[in-house]
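The structure appears right after this line, and notes come after that.
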Amino acid sequence: MKKRYTYMMLAAMLLSCFGCQTKKQDLAASSQTYPIIIATDSPSDTVTGLFAEKFAQEVIRLSEGKIQMKVYDNGVLGGDRELLESCKNEDIAFVVQSSAPQVNFMPKLAVFDLPVAYTDISSLRKVLDDEDFYSQISDVYKDGGFHLMALADQNFRVMTTNKKISSINDFKGLKIRTMENSNHIAFWKAIGANPTPMTMSEVYIGLQQGTIDAQENPYEVIVSAKVYEQQDYVAETNHVPHLLSLITSNSFYDSLTVEQKQIFDEAALLARNHARKQADKRVENRLKIIEESGTRMLPLTDDLINEIREKSKHVYADIQKQCGNELYNTYLKYGKEKGEILYEYSNN
């Protein structure tokens, strides 16, 4: 409690000193009184942290030092909800965070919750970079009060378990820890599992004590939280991507000059590419750590993936209603090319 209180007090002090300067900062001036803030809820040694740091470095480099940046990571300025609200209010200029908690503020982002819509990272990134899709998803952020700078990822979320998964029936009754996300919960229920929302800090003990049988996370979290120590298998479900968004507020972005926008835009693109490369390297490294521990990897067959999609048809339909037909179908288009997507619903 003392540690949490200290973080809260520090956040309040930092925001009082720096946050309000975002609204008043004249970036065209020859020098800055305060650096522009970019914040994240994740530690520095994560893809999220590296994404934020690279963006800050590139802004400073491209502006030849005329624009100074400061990264605050590890939730020093607040959790995901607080960071999102502070960004919208211009107390913080830039935020890097997962898209999952943003669904509560921008419901159409539920399109990323479509289960096993993509199962390989190259196809996923192809749609994220697609001009039509990026324009549509940018409009979702714009309507929510934000300007989307870039989308990176931490690869896919996968399941760890002590039960060997070889058929759809193996999911039945499995007590699995999930995020507090209604679409994720609906998906696990659809394939017969028993999803249980739980804070990440409780997962290791939950697995150890048998409160839960399984959990799902990207590989980096599986290793950093050492949950693989309590699990016999990693089932490569790749059920949803773990996306990372770099955002600012509409009002802050609109206040920039054309030259400043070019600097921030280029820095965001370079940071996104860097984050993706780091994500790929880390997946390879984390897989090695997991396998060396004795935990076995379980690839899912195409037939099983298709069964999972079949069981999830009503989840697809619900998400389509939430995000709209145009965004829904644009997101799925590269999956269809590869024969990965089974469902395209009517406009009814």
Side-chain angles (χ1 to χ4, degrees), residues 1 4 7 40-43 46 48 74-75 78-85 97-117 153-163 165 168 170-231 233-245 308 311-312 314-319 321-323:
M1 288 296 292
R4 181 187 176 104
Y7 276 145
T40 177
D41 190 26
S42 299
T46 60
T48 309
N74 212 30
D80 283 324
R81 175 179 288 273
E82 290 83 6
L83 292 181
L84 203 59
E85 292 173 344
Q97 65 180 185
S98 167
S99 63
Q102 297 172 350
V103 176
N104 293 323
F105 295 82
M106 294 165 278
K108 289 186 177 181
L109 294 182
V111 71
F112 296 127
D113 293 335
L114 287 169
V116 288
D153 63 78
Q154 209 165 316
N155 213 282
F156 291 99
R157 300 179 72 87
V158 297
M159 182 182 78
T160 67
T161 175
N162 287 328
K163 184 178 183 180
I165 303 297
I168 195 72
D170 293 327
F171 291 105
K172 189 173 182 179
L174 201 66
K175 293 181 291 184
I176 181 169
R177 178 268 176 182
T178 67
M179 298 175 69
E180 187 69 56
N181 179 302
S182 59
N183 295 317
H184 293 194
I185 293 170
F187 160 66
W188 290 108
K189 286 183 177 179
I191 62 174
N194 181 15
T196 304
M198 181 184 291
T199 60
M200 194 60 210
S201 61
E202 298 175 332
V203 171
Y204 189 93
I205 295 176
L207 292 170
Q208 194 175 50
Q209 297 180 344
T211 307
I212 51 175
D213 305 314
Q215 66 87 51
E216 55 84 43
N217 260 302
Y219 290 106
E220 185 161 334
V221 177
I222 290 170
V223 172
S224 64
K226 297 184 178 180
V227 295
Y228 65 89
E229 294 179 347
Q230 299 295 327
Q231 303 271 253
Y233 303 100
V234 174
E236 298 177 56
T237 49
N238 288 8
H239 46 281
V240 289
H242 190 90
L243 296 179
L244 305 173
S245 62
I308 290 172
K311 292 283 187 180
S312 304
H314 71 277
V315 180
Y316 271 66
D318 289 343
I319 291 177
K321 291 177 183 177
Q322 193 170 344
C323 66

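Bear in mind that the values here come from a model prediction, so they are computed numbers and not experimental data.
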Intermediate values then yes/no, side-chain contact (heavy atoms from CB on, under 4.5 Å), His242 and Val221 = CA-CA 11 Å; His242 190 90; Val221 177; 5.9 Å; no
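- The shortest distance between side-chain heavy atoms of Gln231 and Ile222 does not fall below 4.5 Å.
- Considering only residues two or more places apart in sequence or on other chains, Thr199 meets the side-chain contact (heavy atoms from CB on, under 4.5 Å) condition with Ser201, Glu202.
- Scanning for side-chain hydrogen bond (donor to acceptor under 3.5 Å, both in side chains) contacts around Glu229 gives Tyr204, with sequence neighbours left out.
- Applying the side chain to side chain donor-acceptor pair (under 3.5 Å) test to every pair with at least one member in residues 184-197, sequence neighbours left out, gives these pairs: Asp113-His184.
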query = For Ile168 and Ile191, what are the C-alpha separation, side-chain angles and deciding distance, and is it a side-chain contact (heavy atoms from CB on, under 4.5 Å)?
reply = CA-CA 7 Å; Ile168 195 72; Ile191 62 174; 4.2 Å; yes
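- Remark: Glu236 pairs with no residue by the salt bridge (Lys or Arg N to Asp or Glu O under 4.0 Å) rule, at least two apart or across chains.
- With sequence neighbours left out, Asn217 forms a side-chain hydrogen bond (donor to acceptor under 3.5 Å, both in side chains) with Arg157, Gln215.
- Remark: Glu82 engages no residue in a side-chain hydrogen bond (donor to acceptor under 3.5 Å, both in side chains) (not counting sequence neighbours).
- Looking at heavy atoms from C-beta onward, Phe112 lies out of side-chain contact with Val240 at the 4.5 angstrom threshold.
- The nearest pair of heavy atoms linking Asn183 to Ala110 is ND2-CB, 3.4 Å.
- With sequence neighbours left out, Ala100 forms a side-chain contact (heavy atoms from CB on, under 4.5 Å) with Ser98, Met179.
- Of the inter-residue distances, the one linking Thr160 atom OG1 with Tyr233 atom OH reads 13.0 Å to the nearest 0.5 angstrom.
- Closest non-hydrogen pair, Val315 versus Ala190, comes out as CG2-CB, 4.2 Å.
- Note that CE of Met200 and OG of Ser224 are 7.0 Å apart. Values are rounded to the nearest 0.5 Å.
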ask   = Gln102 and Ser245: side-chain hydrogen bond (donor to acceptor under 3.5 Å, both in side chains), yes or no, with the steps?
value = CA-CA 10 Å; Gln102 297 172 350; Ser245 62; 2.9 Å; yes
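- A donor-acceptor pair under 3.5 Å is formed between the side chain of Asp213 and the backbone N or O of Lys175.
- By the 4.5 Å heavy-atom criterion applied to side chains, Phe105 and Arg81 are counted as neighbours.
- Taking all atoms of both residues into account, the shortest heavy-atom contact from Pro218 to Gln154 is CB-O, 3.7 Å.
- Of all the heavy atoms in Ile176 and Ala193, the pair that sits closest is CG2-CB, 4.1 Å.
- Atom CG of Leu174 and atom CD1 of Ile165 lie 5.5 Å apart (nearest 0.5 Å).
- Applying the side-chain hydrogen bond (donor to acceptor under 3.5 Å, both in side chains) rule to Asp80 yields the partners Gln97; only residues at least two apart in sequence or on another chain are considered.
- For the pair Tyr316 (side chain) and Pro115 (backbone), a donor-acceptor distance under 3.5 Å is present.
- For the pair Phe171/Ile308, a side-chain contact is recorded, criterion being any heavy-atom separation below 4.5 Å from C-beta on.
- With sequence neighbours excluded, the residues forming a side-chain contact (heavy atoms from CB on, under 4.5 Å) with Pro107 are Gln322, listed by chain and number.
- Shortest non-hydrogen contact noted between Asp41 and Leu83 is N-CD1, 3.6 Å.
- Every side-chain contact (heavy atoms from CB on, under 4.5 Å) that Ser42 has, sequence neighbours left out, goes to Thr40, Thr46, Thr48.
- Here the CG atom belonging to Asn155 is positioned 6.5 Å from the CG atom belonging to Asn238, to the nearest 0.5 angstrom.
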